[in-house]
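The structure appears right after this line, and notes come after that.
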Amino acid sequence: SSIISKARRTGRLELSDVWAAPCPCEEAFEEFAQFWRQEQQRRRPSLMRVMFKLVRGDACLGIALQGLSTTMELSGPVFLNGILRSLEIRQSGRCEDATAISEFDRLLCRPDVGYALCGLMCVSLLLGSLCKNHSQLAFLRAALKVRGTMIRAVFEKMMRLSSVSMSNIGSGMIHNLAANDTEQLLVSTPSLANVIYAPIIVAVAMAMLAMTVGPSFLGGFAAMSLILVLSSFAVRKVTRAKARQMRLADARVKLTGE
């Protein structure tokens, strides 16, 4: 937003106004090459392990912030349940007979507890949003670093290929590797942390639903399971279509270059 505001005041947008990359591609590639040489000394080298070492700082920060965000988001319904319970007790008039209610309900009868629960719910939602945004920013920095490393690695390999190898591979595949395939990192990064914490969120949500509505939650659980099956089927279809689209794009770019 500050970049847009400055461009509107000055009437132009320059390269120096844009945020710089977290790390130059040359430095990221040299760091990757060093990690890869060390990894090759292992019995079973893993490229994923090297990539995680390359961005472990931002990745760990993003995972931790996403965990805090998930905790804050799950605590919001707990505070809301306490507020509704307090209103129910007050409206039913049970606060007047302290012996007929439990200790927890007597605590909810206090006016300051209701205000405290409202404040805690607002604070938890605010902190959850802040942690989630900063988590996505940390994952985005990690994805940009990996993307720059992959682009540099592709062009590094391309410069070493002979003319025969270049004619067999084609410029279309190189263009897709350096542009389209690496762009998928930025697209899929926001959902990376959700894959880690999604089972925890589902388990806690089902437990809360069972405590609130009882055995009736099984209907919602069955509907959610059906949606997950249909979603996985749709994802497989989209993945196959995307792979076919990439092959056609390679052929199109190769034909255009020739």
Side-chain angles (χ1 to χ4, degrees), residues 15 18-68 132-199 235-236 238-254 257:
L15 185 60
V18 183
W19 293 334
C23 180
C25 296
E26 293 79 8
E27 296 181 6
F29 180 76
E30 293 298 329
E31 188 177 359
F32 165 77
Q34 181 180 359
F35 287 147
W36 180 242
R37 286 192 295 267
Q38 296 174 0
E39 186 68 20
Q40 286 180 324
Q41 298 176 1
R42 293 175 174 265
R43 184 177 179 180
R44 293 182 178 179
S46 174
L47 184 60
M48 293 296 297
R49 190 184 299 117
V50 174
M51 287 299 181
F52 181 76
K53 289 181 180 179
L54 186 66
V55 296
R56 58 178 175 264
D58 290 329
C60 292
L61 178 61
I63 292 173
L65 290 175
Q66 184 65 29
L68 291 175
K132 185 175 183 179
N133 291 333
H134 281 77
S135 172
Q136 292 179 355
L137 181 60
F139 278 116
L140 184 61
R141 285 200 305 262
L144 286 173
K145 188 174 183 180
V146 174
R147 182 174 182 266
T149 303
M150 293 178 64
I151 293 175
R152 172 63 188 272
V154 168
F155 286 109
E156 182 86 8
K157 181 65 176 179
M158 184 188 67
M159 297 300 294
R160 297 179 181 178
L161 293 177
S162 62
S163 58
V164 178
S165 299
M166 282 292 297
S167 61
N168 293 331
I169 295 176
S171 58
M173 181 177 293
I174 296 174
H175 180 269
N176 278 333
L177 286 174
N180 298 332
D181 292 348
T182 56
E183 187 68 21
Q184 296 300 319
L185 287 172
L186 301 180
V187 176
S188 60
T189 293
S191 60
L192 179 61
N194 294 329
V195 175
I196 301 174
Y197 291 102
V235 167
R236 285 198 297 268
V238 171
T239 303
R240 293 173 185 172
K242 190 67 175 178
R244 186 169 178 269
Q245 181 186 7
M246 289 297 179
R247 290 194 296 269
L248 294 176
D250 292 341
R252 175 180 59 81
V253 175
K254 181 179 179 180

Next item on the list: Drop me the distance from Leu137's CG to Leu61's CG, to the nearest 0.5 angstrom.
Entry: 9.0 Å
Next item on the list: Write down the atom of Gly62, the atom of Ser135, and the distance for their closest heavy-atom approach.
Entry: O-OG, 2.8 Å
Check: Is the side chain of Lys145 donor-acceptor paired with the backbone N or O of Leu54 at a distance under 3.5 Å, no angle test?
Finding: yes
Notebook entry, point to check: By side-chain contact (heavy atoms from CB on, under 4.5 Å), which residues pair with Glu39, not counting sequence neighbours?
Noted result: Trp36, Arg42, Pro45, Ser46, Arg49, Val50, Lys53
Check: Can you name the closest pair of heavy atoms from Asp58 and Ala138 and give their distance?
Finding: CB-O, 3.4 Å
Next item on the list: Side-chain contact test, heavy atoms from C-beta onward, threshold under 4.5 Å: evaluate it for Gln38 versus Gln34 and give yes or no.
Entry: yes
Next item on the list: Calculate, to the nearest 0.5 Å, the distance between atoms CD and OG1 belonging to Glu30 and Thr149 respectively.
Entry: 10.5 Å
Notebook entry, point to check: Which distance, rounded to the nearest 0.5 Å, do you find between the CZ of Phe29 and the CZ of Phe32?
Noted result: 7.0 Å
Notebook entry, point to check: Does the side-chain contact (heavy atoms from CB on, under 4.5 Å) test come out yes or no for His134 and Leu68, once each step is laid out?
Noted result: CA-CA 11 Å; His134 281 77; Leu68 291 175; over 6 Å; no
Next item on the list: Not counting sequence neighbours, which residues clear side-chain contact (heavy atoms from CB on, under 4.5 Å) with Ile63? List them please.
Entry: Phe139, Ile196, Tyr197
